*Asks:* 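I'd like to ask some things about the structure below.
In this text the structure is predicted, and so the values were computed from the model without any measurement.
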Number of protein chains: 2
Amino acid sequence: MTQFTDIDTPAVLIDLDRSEANLKKAQAAADAAGIALRPHIKTHKLPLFAKRQVELGAVGITVQKLGEAEVMADAGLNDLLLTFNIIGAAKRARLKALHDRVTIRTVADSAETVAGLTETFADPGHKLGVFVECDTGMGRCGVQSAQAAFDLARIIASHPGLHFAGLMTYPAAGKYREAAAWLADAKALFEAAGVDLPAITTGGTPDIGHMAEAGPATEYRPGTYIYMDRSQVAAGAATFEDCALTVLATIVSRPTENRAIIDAGSKALTSDLLGLVGHGHVVEYPDARVVGLSEEHGTIDVSACAQKPRIGDVIRIIPNHCCPVTNLFDHVHLIRDGALVETVPVAARGRVD
Amino acid sequence: MTQFTDIDTPAVLIDLDRSEANLKKAQAAADAAGIALRPHIKTHKLPLFAKRQVELGAVGITVQKLGEAEVMADAGLNDLLLTFNIIGAAKRARLKALHDRVTIRTVADSAETVAGLTETFADPGHKLGVFVECDTGMGRCGVQSAQAAFDLARIIASHPGLHFAGLMTYPAAGKYREAAAWLADAKALFEAAGVDLPAITTGGTPDIGHMAEAGPATEYRPGTYIYMDRSQVAAGAATFEDCALTVLATIVSRPTENRAIIDAGSKALTSDLLGLVGHGHVVEYPDARVVGLSEEHGTIDVSACAQKPRIGDVIRIIPNHCCPVTNLFDHVHLIRDGALVETVPVAARGRVD
């Protein structure tokens, strides 16, 4: 039986017991909160985990790219929310092909996005569901006010080929109360006008411990929760013992007493900092600090380590942000009790458009 | 004829006239400086450009990973320098397979790396060339003193299956004088002892304008110079007009007067900052500032732009660091005079080990 320490480095390891526990814990919390779970597959990019999420009770999945949707639809997932403004005839044609074979809905935050959609989706017998994307504090996409959300919903509903599906937001981390208040204001507008508001969908993992406080939201879209990472530990959403994804690396150089160099750099761990200092948590050397990354080298300060790693040792690193890490590897290794169970291709990796 | 503006986004565009000009300029400068050029293919990861570099006069290529070496050897490149300490029997077996079909040399910065190599390379009739990697100021891998370089060279030369090939360094950007002084000290040690020092190889693009001042170096290994990027412009090694690689993106949202959102985030541009503020230079809107990236969204502040982009517009972004960008895309689009010439797979993308 292959042990994880025998896998050539750098490599991504997924601890199956931990990922399964994370999935079950979140589903149980969503059930307790009375909110539907629609996990974002951008984290794992694997049909096997998307299917497992649905088996455990998720109402469907979330994707960020048409390419991800295509991979998941090919794998048999049949209820998808594409949380991205789809612009341009080429992308709309791909969306239509998906709409013709699975349940897929999308979002819009502008009349321009909606107008584009109407060029491709005009069949009253097979409407495309469109959520209004709302900026509840993230400062990214989204309409800027409850009134604007209501107005755009009315525009969507006015087109025979479109169906107003509800409100969608990705809230800023830690700002779940502000997001809930924003959404409550919007919901009040719909109620006052007697306009149906079918659903309100929100996210994400940093505030997954507060699903019950997601206000009027009916659906929650966490992604990172399946693996967790150093940023989620910093946010209080997980402990290092919850983290299912690690990057396996080898000590390739020990140029000085306190410097260790590994064969994992930004092309394995990414440069994402997410407000943190350093580039990951070393499982075997918790006092070590990953102080620098170049493309293929990681530089570790081991001055605080009582015992110091030697050339040839393998270590596991919990990255700052697990989602883009899986985008860098063609395969990940599924591990249970330290042994390799299966090596699987990251099917939706690199689906850039 | 497909114009670049018709390519679906996000996408990587390579301006062939610019990349060719960059290659020729560097080769001419190396020729004038009397230094051999051994380009690092980590930037483009494409056999076609590696071959073109050799056609123009490069003595061979540099690779950072065995997987890159395998792709390039398969494509017909036959003189490779692998500038990475190779650790472990599995990797050494792959190195041996390469050594049996092309000229490939590697580096070592420790007795441990050398001892490992001797386990696999023991044939006096087919020695493996090994450079001593020197830390001339970068603070990454490398022996820490000229004396240590000399001593490790003697250890390499003492093994029948290994050949001491010379000294290798990747100098800190802007520190070419310090690197040259370090290497000169080392060279003096070899001369004093009457020990042959076959070659001294250094890099990289930030100081490519100072190849003639690379001291005793006999070979130069630039990578980024083929495409250039925003970090090289900041370093004074290029202008924006030299930059051959851009990321094509679409404006997908204009939530506020001064905010534009594009469909290119950290999974297209990477989070690499390299000391810069912001995440890239927008060709069409030079006054715009790419202020934030999430995985699939880029946030642009267009407050300083006289004319502001509209939803559906396509823009080109010169990234901070072009090398990891090509690692995120399965294909790049080769462009001449604004028209698509060819779309090619990034053959050595994702070769993580």
Side-chain angles (χ1 to χ4, degrees), chain A residues 6 8-11 42 64-65 84-88 90-91 109-110 112-113 116 133 135 138-144 170 250-256 259 261 263-264 266-268 270-274 292 294-297 299 310-312 314 321 323-324 327-330 349-350 352-353, chain B residues 6 8-11 42 64-65 84-88 90-91 109-110 112-113 116 133 135 138-144 170 250-256 259 261 263-264 266-268 270-274 292 294-297 299 310-312 314 321 323-324 327-330 349-350 352-353:
Chain A
D6 297 329
D8 209 7
T9 63
K42 64 162 188 148
Q64 203 73 341
K65 291 279 166 168
F84 205 87
N85 279 262
I86 294 301
I87 305 290
K91 284 196 169 63
D109 73 355
S110 70
E112 289 90 335
T113 297
E133 182 166 4
D135 182 0
M138 178 72 176
R140 202 167 64 183
C141 290
V143 296
Q144 297 294 301
Y170 186 78
T250 299
I251 309 287
V252 297
S253 175
R254 289 285 280 108
T256 70
R259 192 196 308 162
I261 306 292
D263 60 354
S266 65
K267 280 168 59 181
T270 84
S271 297
D272 278 20
L273 285 173
L274 303 183
S294 41
E295 282 163 68
E296 307 287 11
H297 299 86
T299 302
R310 295 170 306 173
I311 291 173
V314 293
H321 190 188
C323 312
N327 191 50
L328 294 171
F329 286 81
D330 288 346
R349 185 213 62 75
V352 292
D353 60 14
Chain B
D6 298 329
D8 208 8
T9 63
K42 64 161 187 151
Q64 204 74 342
K65 291 279 165 167
F84 205 88
N85 280 262
I86 295 301
I87 306 289
K91 285 195 168 60
D109 73 355
S110 70
E112 289 90 335
T113 297
E133 182 166 4
D135 182 359
M138 178 71 176
R140 202 168 64 183
C141 291
V143 297
Q144 296 294 302
Y170 186 78
T250 299
I251 308 289
V252 297
S253 176
R254 288 285 280 107
T256 70
R259 191 196 309 162
I261 306 292
D263 59 354
S266 65
K267 279 168 59 180
T270 82
S271 296
D272 277 21
L273 286 173
L274 303 183
S294 40
E295 282 163 69
E296 306 287 10
H297 298 87
T299 303
R310 294 171 308 173
I311 290 171
V314 292
H321 191 189
C323 312
N327 192 50
L328 293 171
F329 287 81
D330 287 346
R349 186 213 61 73
V352 292
D353 60 14

*Asks:* Under the rule for ring pair (Phe, Tyr, Trp, His ring centres under 6.0 Å), what residues qualify as partners of A:Tyr170, not counting sequence neighbours?
*Replies:* none
*Asks:* Please classify the contact of A:Asp330 with chain B as side chain, backbone, both or neither, using a heavy-atom distance under 4.5 Å.
*Replies:*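 Side chain only.
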*Asks:* Got a second to check how far B:Ile87's CD1 is from A:Thr250's OG1, nearest 0.5 Å?
*Replies:* 8.0 Å
*Asks:* Between B:Arg259 and A:Gly139, which heavy-atom pair has the shortest distance, and what is it?
*Replies:* NH1-C, 3.1 Å
*Asks:* Under the side chain to side chain contact (heavy atoms under 4.5 Å, CB included) criterion, do B:Arg254 and A:Glu112 qualify, and how do the steps go?
*Replies:* CA-CA 10 Å; B:Arg254 288 285 280 107; A:Glu112 289 90 335; over 6 Å; no
*Asks:* So, for A:Val252 and B:Asp109, which heavy atoms are closest and what is the spacing to 0.1 Å?
*Replies:*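 What the structure gives for the nearest pair is O-OD1, 4.4 Å.
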*Asks:* Where on B:Ile261 is there a heavy atom nearer than 4.5 Å to chain A: the side chain, the backbone, both, or neither?
*Replies:*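 Side chain of B:Ile261 only, per the 4.5 Å heavy-atom cut-off to chain A.
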*Asks:* To the nearest 0.5 Å, what is the distance between CD1 on B:Ile311 and CG on A:Asn85?
*Replies:* 7.0 Å
*Asks:* Heavy-atom pairs under 4.5 Å with chain A - which of B:Leu273, B:Asp263, B:Thr299 has more of them than the others?
*Replies:*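 Highest number of pairs under 4.5 Å: B:Asp263.
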*Asks:* Supply the atom-to-atom distance A:Arg140 CZ to B:His297 NE2, rounded to the nearest 0.5 angstrom.
*Replies:* 4.5 Å
*Asks:* Measure the CD-SG distance between A:Glu296 and B:Cys323 for me, rounded to the nearest 0.5 Å.
*Replies:* 10.5 Å
*Asks:* At a heavy-atom separation under 4.5 Å, does B:Thr9 approach chain A through its side chain, its backbone, both, or neither?
*Replies:*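 Contact with chain A involves both backbone and side-chain atoms of B:Thr9.
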*Asks:* Taking atom NZ of B:Lys42 and atom OG of A:Ser294, what is their separation to the nearest 0.5 Å?
*Replies:* 8.0 Å
*Asks:* Look at A:Asp272 together with B:Lys267 and state whether they make a salt bridge at an N to O cut-off of under 4.0 Å.
*Replies:* no
*Asks:* At a heavy-atom separation under 4.5 Å, does A:Asp353 approach chain B through its side chain, its backbone, both, or neither?
*Replies:*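 Both parts, backbone and side chain.
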*Asks:* What are the two closest heavy atoms between B:Ser253 and A:Gly142, and how far apart are they?
*Replies:*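 Nearest pair, atom of B:Ser253 first, then A:Gly142: OG-N, 4.3 Å.
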*Asks:* Identify which part of A:Val143 has an atom lying under 4.5 Å from any heavy atom of chain B, answering side chain, backbone, both or neither.
*Replies:*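 For A:Val143, there is no contact with chain B at all, as no heavy atom is under 4.5 Å.
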*Asks:* Taking all non-hydrogen atoms of both residues, which atom of B:Val352 and which atom of A:Leu328 are closest, and how far apart?
*Replies:*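 Closest approach of B:Val352 to A:Leu328, heavy atoms only: CG1-O, 3.8 Å.
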*Asks:* Grab the two heavy atoms, one from B:Lys65 and one from A:Pro10, that are nearest each other, plus how far apart they are.
*Replies:*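 Heavy-atom minimum between the residues: NZ-CD, 3.8 Å.
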*Asks:* Within this structure, what is the OG-NE2 distance for the pair B:Ser271 and A:His321, rounded to the nearest 0.5 Å?
*Replies:*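 If we round to the nearest 0.5 Å, B:Ser271:OG and A:His321:NE2 are 9.0 Å apart.
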